[in-house]
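For the single chain, residues carry numbers from 1 onward in sequence order.
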Amino acid sequence: MAVTFVLTNQKGGVGKTTTTAALAAGLAAAGKRVLAIDLDPQGNLGFSLGLDIDTDQSSTIYEVLRNRVSIREALHRTEVCDVIPSNILLSQAEIELQTDNRVTLLKESLKEVAADYDFIVIDTPPSLNILTMNAYAASDYLIIPMAAEILSLVGLIQLQETVEGVKSSVNPRLRVLGILLTKYNRRTRLAADVLEMASTVAEQTNTALFDAKIRAGVAAAEAPAHGENIFAYAPASNPAKDYECFVGEVLERIKD
Ligand SMILES: Nc1ncnc2c1ncn2[C@@H]1O[C@H](COP(=O)(O)OP(=O)(O)O)[C@@H](O)[C@H]1O
Ligand SMILES: [Mg+2]
């Protein structure tokens, strides 16, 4: 049965999509069977994982959630791993699913393919909406990427409250695997402050920072435009090295 991770933070631009792609690619490179799912209507994950831009638009996660296609029909195979993409239509689902509070749709669909994978990684939109709740309901672990900017700390406590809510209702086994600092520049004073604050928040929310910190680097920003994950685009770059450490840590942490 697959272990499922959801990358989440209600703030945008903190590295959720970049980290989802790196985690999927890193796990796949380690020989694991990986499925990556895009739950963000922005639909950037598929592209980062090498999905053809004119991929079949009738088999996205939207059609799966609306029960129009089976999850198997929505699987797209890329050189990196299997992907279920999304597109802007998914913002419609946000409204449609909200009305009857359907938080377990994704979980139900995933049951069908969970035995085929070692890991499922889910990218989420920058909000706590019905799509994000579906991801939480379907997952074992939350990973919280946080850009090394003070402001992105805001919302973490709120996230913790949401997690507690999810735990006591739809998913008692949900756990926070850790907080990952991204766009990190150890030379700045800000980075030191953020590191300290992030450690405190991690403690207060019963989790821990990942030792790996993803340094800021142009390669990370350029990779998606080339339809590649960071390992494929710039394997010797700082972000690639840091993501490699991160993937190793993820595998370590889920052991206990
Ligand atoms: N380590 C990094 N260094 C530099 N730029 C980064 C890094 N990680 C992500 N970015 C860039 O920051 C922007 C936001 O990242 P993204 O992963 O899309 O965040 P989110 O999914 O949380 O909105 C993107 O343009 C991305 O390429
Ligand atoms: Mg994103």
Check your understanding: What residues form a side-chain contact (heavy atoms from CB on, under 4.5 Å) with Glu161, not counting sequence neighbours?
Key ->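 With neighbours one apart ignored, the set is Ile157.
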**Study point:** Partner residues of Asp211 under the side-chain contact (heavy atoms from CB on, under 4.5 Å) criterion, sequence neighbours left out
**Key:**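 So Asp211 forms a side-chain contact (heavy atoms from CB on, under 4.5 Å) with Glu249.
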ring-ring contact (aromatic ring centres under 6.0 Å, His included) partners of [range], not counting sequence neighbours, each pair once:
{"range": "residues 199-225", "result": "Phe210-Phe246"}
{"range": "residues 158-197", "result": "none"}
{"range": "residues 14-34", "result": "none"}

Does [X] belong to the same Ile/Leu/Val/Met/Phe/Trp/Tyr cluster as [Y], with side-chain heavy atoms less than 4.5 Å apart forming each link?
{"X": "Leu39", "Y": "Val163", "answer": "yes"}
{"X": "Val113", "Y": "Val3", "answer": "no"}
{"X": "Tyr141", "Y": "Val103", "answer": "no"}
{"X": "Leu251", "Y": "Ile120", "answer": "no"}
{"X": "Val121", "Y": "Leu75", "answer": "no"}

Check your understanding: Between the side chains of Glu63 and Thr60, does any donor sit under 3.5 Å from an acceptor?
Key ->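 Yes - a donor-acceptor pair under 3.5 Å links their side chains.
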Point to revise | Tyr136 and Thr8 side chains, donor-acceptor separation under 3.5 Å | key: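 Present: a donor and an acceptor within the cut-off.
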Euclidean distance, [Y] [atom2] relative to [X] [atom1], rounded to 0.5 Å:
{"X": "Asn171", "Y": "Thr4", "atom1": "CG", "atom2": "OG1", "result": "10.0 Å"}
{"X": "Ile130", "Y": "Ile95", "atom1": "CD1", "atom2": "CD1", "result": "12.0 Å"}
{"X": "Thr207", "Y": "Gln160", "atom1": "OG1", "atom2": "CD", "result": "8.5 Å"}
{"X": "Thr182", "Y": "Met146", "atom1": "OG1", "atom2": "CE", "result": "8.5 Å"}
{"X": "Thr17", "Y": "Asp123", "atom1": "OG1", "atom2": "CG", "result": "3.5 Å"}
{"X": "Ile179", "Y": "Lys213", "atom1": "CD1", "atom2": "NZ", "result": "11.5 Å"}

Going by salt bridge (charged side-chain N to carboxylate O under 4.0 Å, His left out), name the residues that satisfy it together with [X], two or more places apart in sequence or in a different chain.
{"X": "Glu203", "value": "none"}
{"X": "Arg77", "value": "Asp82"}
{"X": "Asp242", "value": "Arg215"}
{"X": "Arg68", "value": "none"}

Do you know which two heavy atoms are closest between [X] and [Y], and how far apart they sit?
{"X": "Ala36", "Y": "Leu49", "answer": "CB-CD1, 3.5 Å"}
{"X": "Glu222", "Y": "His226", "answer": "O-ND1, 3.1 Å"}
{"X": "Ala74", "Y": "Val64", "answer": "CB-CG2, 3.4 Å"}
{"X": "Arg173", "Y": "Ala137", "answer": "NH2-O, 4.3 Å"}

Would you indicate whether the side-chain heavy atoms of [Y] and [X] approach each other to under 4.5 Å?
{"X": "Leu35", "Y": "Leu110", "result": "yes"}
{"X": "Thr162", "Y": "Gln10", "result": "no"}
{"X": "Asp140", "Y": "Phe119", "result": "no"}
{"X": "Ser139", "Y": "Leu174", "result": "yes"}
{"X": "Thr104", "Y": "Asn134", "result": "no"}
{"X": "Asp118", "Y": "Leu27", "result": "no"}
{"X": "Ser48", "Y": "Thr18", "result": "no"}
{"X": "Leu97", "Y": "Leu65", "result": "yes"}

Could you tell me whether [X] atom [atom1] has more than 12 heavy atoms of other residues or ligands within 6.0 Å of it?
{"X": "Arg102", "atom1": "CZ", "result": "no"}
{"X": "Glu79", "atom1": "CD", "result": "no"}
{"X": "Arg187", "atom1": "CZ", "result": "no"}
{"X": "Arg175", "atom1": "CZ", "result": "no"}

Judged by atom type as modelled, is there a donor-acceptor pair below 3.5 Å linking the side chain of [X] to the main-chain atoms of [Y]?
{"X": "His76", "Y": "Ser59", "value": "yes"}
{"X": "Lys16", "Y": "Pro126", "value": "no"}
{"X": "Ser86", "Y": "Ile61", "value": "no"}

Can you sort out the partners of [X] under ring-ring contact (aromatic ring centres under 6.0 Å, His included), two or more places apart, ordered by chain and number?
{"X": "Tyr117", "value": "none"}
{"X": "Tyr62", "value": "none"}
{"X": "Phe231", "value": "none"}

Check your understanding: So which of Thr19, Asp40, Val14, Leu180 actually passes side chain to side chain contact (heavy atoms under 4.5 Å, CB included) with Leu7?
Key ->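 Exactly one pass, corresponding to Thr19.
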**Study point:** Residue among Leu45, Leu51, Val83 satisfying side chain to side chain contact (heavy atoms under 4.5 Å, CB included) with Asp38
**Key:**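 Option passing the side chain to side chain contact (heavy atoms under 4.5 Å, CB included) with Asp38: Leu45.
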Practice item. For the pair Glu244 and Lys241, find out whether any cationic side-chain nitrogen is under 4.0 Å from an anionic carboxylate oxygen. Key: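 Lys241 and Glu244: not salt-bridged.
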Point to revise | Thr20/Ile122 under side chain to side chain contact (heavy atoms under 4.5 Å, CB included): CA gap, chis, key distance, verdict | key: CA-CA 7 Å; Thr20 309; Ile122 307 174; over 6 Å; no
Review point. Looking at Arg33, Lys32, Arg72, which one forms a salt bridge (Lys or Arg N to Asp or Glu O under 4.0 Å) with Asp116?
Key: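 The residue from Arg33, Lys32, Arg72 that satisfies salt bridge (Lys or Arg N to Asp or Glu O under 4.0 Å) with Asp116 turns out to be Arg72.
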